[in-house]
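First comes the structure, then the notes that go with it.
Because the structure is a prediction, the values reported are computed rather than measured.
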Amino acid sequence: MNIIKKRKYKFGFSNPENPNAKKYKGLNSEVVNYISDTKNEPDWMREFRLNSLKIFNSLPMPNWGADLSKIDFKDIYYYIMPNKNNNTGTKANPATWDDVDENIKNTFEKLGIPEAERKYLAGVEAQYDSESIYTSIKSKWAEQGVIFLPTDIALKEYPEIFKKYFSTIIPPRDNKFAALNSAVWSGGSFIYVPKNVHVDIPLQAYFRINAKSMGQFERTLIIADEGSSVGYVEGCTAPIYDNYSLHSAVVEILVEKNARVRYTTIQNWSRNVYNLVTKRAIAMENARMEWIDGNLGSYKTMKYPSVYLMGNGASGEVLSIAFAGNGQHIDSGAKMIHMAPCTTSVITSKSISQGNGRSSYRGYVKVTPDAVNSKVNVKCDALLLSKVSRTDTYPLMNIEENQNIHVQHEASIAKIDKDQLLYLQSRGLSEDESLSLIVNGFIEPIVKELPLEYAIELNKLINLQLEGSVG
Amino acid sequence: MNIKLCSIDDLKKSNSIKELSVSAGEETLELLMIYSNGNIIIMENSCPHEKIPLYENSVIAEEDNSIECVNHGAKFNLTSGAPLNFVTNRKLKLYKNYIDEYGNIYLTIL
Ligand code: FES
């Protein structure tokens with residue numbers, strides 16, 4: 001018998017919605033024009049949005065992965081203007097945390113954001129529903145030319161560099177949800193790290209959905225110029241409502257020659273959020289891209305961070321943890337496209353399914369004929385915590401007539417071992433503690449890659465998920 | 001070697017775009033010919049990304065002299081064939097052409 005206690009979601013509180021906020025339900029050119037007008041955008045961006053809307057309407061829903069048939073695009077708010085005394089795309093960000101709207105500030109204070117900023121971040125951005133409400137970067141990095149801004153503001157302040165790279169990594173035609181984001185995007189982070197600058201403590205963004213039936217469509221663009229390095233961490237939460245919310249982000253990253261980027265996500269949306277995200281990085285010569293992707297929350301997630309290895313000697317790594325609890329389906333994985341010689345990719349996926357939760361690993365590795373002497377290493381392990389939980393693996397490899405490729409692929413599925421549990425209990429641990437020890441051992445290779453504060457947070461979240469789940 | 005294809009008028013009559021199968025020695029070349037910004041451009045009728053035909057699957061933008069494959073959005077410059085975004089790092093293969101005094105278009109193969 002499976003005994004699943006109802007897990008508490010500690011970020012489930014909500015603020016009253018701003019009654020004056022202008023909201024549009026449904027998706028059409030009127031909404032898109034409204035967003036563009038509100039943000040006072042250049043014509044090319046308005047055209048890009050309207051064209052993306054046409055592409056969105058022409059593309060079919062994916063017929064694989066999580067069941068998305070219940071998403072009703074007509075029943076979603078695509079843009080909500082926050083309270084008037086905080087930032088919108090037309091005004092500059094508040095200069096200090098004290099200037100942020102009181103209600104919104106309280107939310108982020110409950111989430112611990114200002115404290116984190118003081119303690120261990122190079123900069124922070126907070127997004128509330130559609131708009132970034134606060135961004136700051138420590139002067140040390142700003143003086144070295146590092147740019148860290150909400151994407152909307154970067155469009156105005158750095159129009160040339162913005163236009164040069166925006167949507168070149170993930171064009172709207174890539175998939176239906178990338179097209180949706182392209183039509184209605186708002187907020188997200190824009191980061192530019194100049195040549196040879198090393199930002200050695202992470203920048204962080206925190207995304208919060210507050211309003212009911214809200215769609216959040218942030219757009220992030222990171223450019224690490226030659227020989228530079230940067231780490232970026234994102235976290236996300238939302239209140240619990242009966243209605244579903246939709247989070248559909250696009251993240252584009254360019255890692256230039258000899259540069260290095262690490263992008264860490266601790267996704268902890270409440271269980272009424274569809275999380276359908278496209279994330280892709282381009283790694284040029286000898287560049288290195290790392291995605292560390294922890295997916296714990298959401299109702300359904302479809303997310304496959306990818307690295308296009310385009311320069312000689314580039315390397316990419318995805319470390320992914322998925323924890324699907326009761327009622328959740330997390331379809332996640334990675335994509336590695338080898339397009340140049342001597343490129344290396346490593347995918348390590350650990351998924352845990354609890355109750356009737358379902359986690360799927362979906363991976364795609366492609367090696368083109370140009371990618372001679374390349375190496376591929378894929379390892380995916382699944383752990384089932386109950387008799388009814390489910391895990392699936394869809395590893396796809398496409399190696400085009402190639403020479404000298406080294407491919408290693410391992411997969412394993414384990415069920416929680418009663419003997420192991422009994423042994424640990426005989427050493428004085430409770431059932432919950434024993435389970436937690438096994439699960440934490442299972443994910444340890446990934447957790448040890450996280451900065452300490454995030455490793456602790458991830459462990460806490462996993463232990464919270466595990467409470468009372470032994471069955 | 002010059003291989004006669006059609007006249008500029010023929011090309012304009014077919015919406016300034018034509019797909020062609022051309023035998024060149026042992027080989028058969030699958031080509032796409034367009035008339036854009038006053039130029040005749042002949043290219044391989046295959047997207048360098050995943051080799052799907054560009055004919056009926058692409059958008060030509062005269063304002064930025066590009067062709068975009070609608071499959072995943074790869075974009076190429078129509079003068080150099082160079083990719084304009086990061087969907088692929090492969091170039092679009094372009095062919096030389098020659099137009100005689102009567103307005104006939106020839107494919108030039110070196
Ligand atoms: S096949 Fe042309 S963009 Fe993919």
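Near-neighbour residues of residues 49-67 of chain B relative to chain A, defined by a heavy atom under 4.5 Å from a heavy atom of that chain, comprise B:His49, B:Glu50, B:Val59. For residues 74-94 of chain B, heavy-atom neighbours of chain A at less than 4.5 Å comprise B:Leu84, B:Asn85, B:Phe86, B:Val87, B:Thr88, B:Asn89, B:Arg90, sorted by residue number. Residues of residues 41-55 of chain A never come within less than 4.5 angstrom of chain B, heavy atom to heavy atom.
At most 12 heavy atoms of other shown residues, nucleotides or ligands fall within 6.0 angstrom of atom NZ in A:Lys375.
Legend: residues meeting salt bridge (charged side-chain N to carboxylate O under 4.0 Å, His left out) with A:Glu317, ordered by chain and number and at least two apart, are A:Arg288.
The minimum heavy-atom distance between A:Pro171 and B:Gly73, with the atom names listed, is CG-O, 3.8 Å.
When heavy atoms are compared at a cutoff of 4.5 Å, A:Ile337 does not approach chain B at all.
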